[in-house]
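Each remark here refers to the structure printed beneath this line.
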2 protein chains.
Amino acid sequence: MTRKRRSSGRATLDQVAELASTSPITVSRYFNRPQHVSEATRQRIAAAVAELGYVPNLAAGGLASAQARVIGLVLPSISAPIYVDTIQAFSDRVSRYGYQLLLASSEFSLEKEEEVVRAFLGWAPAALVVTGCQHTPGTEQMLARASVPVVEVWDYRPDRPYPQVGFAHDEVSRLAAAFLHERGYRRIAYAQTPIAGDLWAALRYEEFAACLLRDYGLATRLIEPGAVHPIAAGRLAIEEIMRSGDIDALFCANDNVASGAVLAAQRLGLRIPQQCAVLGFGDFPIAEALFPSLSSVRPPARDIGEVAADRVLEELGTLNPDASTKALACTLAPREST
Amino acid sequence: MTRKRRSSGRATLDQVAELASTSPITVSRYFNRPQHVSEATRQRIAAAVAELGYVPNLAAGGLASAQARVIGLVLPSISAPIYVDTIQAFSDRVSRYGYQLLLASSEFSLEKEEEVVRAFLGWAPAALVVTGCQHTPGTEQMLARASVPVVEVWDYRPDRPYPQVGFAHDEVSRLAAAFLHERGYRRIAYAQTPIAGDLWAALRYEEFAACLLRDYGLATRLIEPGAVHPIAAGRLAIEEIMRSGDIDALFCANDNVASGAVLAAQRLGLRIPQQCAVLGFGDFPIAEALFPSLSSVRPPARDIGEVAADRVLEELGTLNPDASTKALACTLAPREST
DNA sequence: AGGAAAAATGGTAGCGCTAGCATTATTCAT
DNA sequence: ATGAATAATGCTAGCGCTACCATTTTTCCT
């Protein structure tokens, strides 16, 4: 008889069971429902596990039980400060219930998102969390066919088949417009860059311009310096404002752009907020430290992570439904720059 | 006959095979070695896959082949700017060879690292990359017993059983000390915070102080404002320097601390670099934009990711060995703040 | 045309684990 | 002591896939 198949070389449940003089199924229970195993057996198993350095093979377990205790989270970026709180809050919460987090970034590309979703589904996750409501047809099809709960975060639109955990991005624009108008600014510009780091910057601009025009009768200037680093984009925006001289407030796609603007203004001698106010989006840690400190719209990043985790756990039956599916709210943190 | 077992509800290889009038094994080959399948069969399978929305179950595949095409990467933080380049470079490189990245942060805690390593090993990854040379005994045992290649990154010490991809942190200190001395600074302080975001800040301080004393006969002041946000720590360091008035250069544990220092100095009226020079570590994107712009020691973050990926791929036999295991080098980016 | 090599395909068994019962040991009320 | 409840444990049969070999079909050479 030839020895078929190479084994992985790692200790298996069977080996642990043998060493602990019990059956594999009891060892399995030891890991999954310890309270169903007697104290004496538990100790023997614990000793065997330690001696063999046994680590359960989660792939095998997931295969056997048709449910891996893993939840996939896809965000546009895992490094952008704006998403870090969401990741942290989500991860904390699901790991408390024994779920592991599979994290990937779509790098602001819908194609890359499709790739990542496919890879995730390959692991048969218990649930999937994706960013926003916009996906490729392929992604949509996979999500629809995957028989796992799906939650969409960082946006809020009522016409979707999945639970939404986020805020309405046009609401942000109205908040910013009202705030700047109330402070007396009338010649307002919006600065963004294609790699600003969020998918909704252009959408926010549209509603910002529409709102200023509709509610306050003001035109808006769009400053878009092209594909450069956000911080450089902020600098270029300030340079343009100094050239044209007809702008008294700048709303930026995010705090990186806004930081670049504040720092460049300082370097170039434009007084903020006297000559031009700057309002950011994201409320990154740097906002408070800048000189002058940066006013910013703060998205509910942490709440998104928490609520999304709760929603997922509800769908999985781990948590009782709360059923309060509302849009979350952004707040405005006024500081010295406006 | 009772129907045992719930199936996952997803399409399986068998279903695809049936629809494509071929055998499961051929469909398996279609995904893993397409060149071994004839063009005609390939097209039939592709159609069946599309129709069923089939996504291969990677857990089952990994189990059957005893090698999941997944590589685990454990870093102290996935949000700290300093690690972002490493993640990016590593991910790019391994994904090009068909490996997926399993990413986790140990949050600067060795206990958390042990937890994460255990979870990763549960997925039977093809390889594991961990940060630094310091681990709990439990982690060490798991790494030693796991029959997968292990690589350690972001540090360089010759006395370890695993390949190292990183730089010598004491070298950074010598570089910084030489640079500041050469520029004529003699009353030098070092600022750090326990949550500064890297495991080696204290080690760098020790060598920094030792080197200044040994090579230049200078004493070093340590400023450690306690567990506050790095940016706030920078501000507190500047406040202390203004109080005492006997410091002319500040080396910071990282660029967040240094940014806080530069911004606070500006706010409080301390001229940089005339009254006090500031040198950072990490060369974060903000360094260049600050006013005055921040001099910083740039670690080879991207190189670490690339070389670690190469080392891993070599161990897996995917790449031919290069065998040049040397420490990588940090460079110094001098700007206005020194 | 005949034979050998190469390409394409398929059957069988099993990777390591757990669901669904079935069975045995223990506890408790009567 | 007896039966009924409960706790603890074990057996069998797969989860969906691929390694290993065997077989069939095609291609190529003389």
Side-chain angles (χ1 to χ4, degrees), chain A residues 1-18 20-45 49 52 54-70 121-126 147, chain B residues 1-18 20-45 49 52 54-70 121-126 147:
Chain A
M1 181 54 192
T2 77
R3 62 186 320 251
K4 299 204 68 167
R5 225 63 169 213
R6 70 295 84 171
S7 78
S8 61
R10 298 169 36 171
T12 69
L13 252 199
D14 286 29
Q15 292 172 26
V16 174
E18 189 172 1
S21 321
T22 179
S23 71
I25 192 70
T26 301
V27 179
S28 167
R29 270 193 280 259
Y30 167 81
F31 282 104
N32 299 312
R33 264 117 63 178
Q35 71 278 14
H36 286 201
V37 177
S38 71
E39 175 60 24
T41 311
R42 242 177 339 209
Q43 287 184 358
R44 287 205 317 280
I45 294 176
V49 166
L52 293 172
Y54 172 71
V55 179
N57 184 326
L58 300 177
L63 184 58
S65 65
Q67 64 133 355
R69 291 188 75 82
V70 177
L121 285 177
W123 290 104
S147 44
Chain B
M1 182 57 193
T2 77
R3 62 187 324 252
K4 299 205 69 168
R5 225 64 167 207
R6 69 294 84 170
S7 79
S8 61
R10 297 168 38 171
T12 69
L13 251 198
D14 287 28
Q15 293 171 24
V16 174
E18 190 171 0
S21 321
T22 179
S23 70
I25 194 72
T26 301
V27 180
S28 167
R29 269 192 284 258
Y30 167 81
F31 282 104
N32 300 312
R33 264 116 63 177
Q35 71 278 14
H36 287 201
V37 177
S38 71
E39 176 58 26
T41 311
R42 243 180 336 212
Q43 287 183 0
R44 287 206 317 280
I45 294 176
V49 166
L52 294 172
Y54 172 72
V55 179
N57 184 325
L58 300 177
L63 184 58
S65 65
Q67 66 133 354
R69 290 188 75 82
V70 177
L121 285 178
W123 290 104
S147 45

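Each chain gets a letter, A, B and so on, in the order its sequence line appears, and its residues count up from 1.
Between the CG atom of N32(A) and the P atom of dT9(D) there is a distance of 15 Å, given to the nearest Å. Between Q35(A) atom CD and dA7(D) atom P there is a gap of 11 Å when expressed in whole angstrom units. A straight line from CG of D14(B) to P of dG10(C) spans 13 Å, rounded to a whole angstrom. R29(B) has its CZ atom 15 Å from the P atom of dA22(D), to the nearest Å. Atom pair R69(B):CZ and dC17(D):C1' shows a separation of 16 Å (rounding to whole Å applied). Distance, R33(A) CZ to dT18(C) P: 10 Å, rounded to whole Å. If you take CG of N57(B) and C1' of dG16(C), they are 14 Å apart, rounded to a whole angstrom.
Ring orientation note: the planes of F31(B) and Y54(B) are tilted relative to one another, at an angle of 30° to 60°.
As judged by a 4.0 angstrom heavy-atom cut-off over every strand, Y54(B) is placed among residues touching the sugar-phosphate backbone only.
Ranked by how close their nearest DNA chain D nucleotide is to the 5' end, G61(B) and P24(A) are led by P24(A).
Taking 4.0 angstrom as the limit, S65(A) places none of its side-chain polar atoms (N or O) nearer than this to OP1 or OP2 of dC17(C). Taking side-chain N and O atoms only, Y30(A) has no distance below 4.0 Å to OP1 or OP2 of dT18(C).
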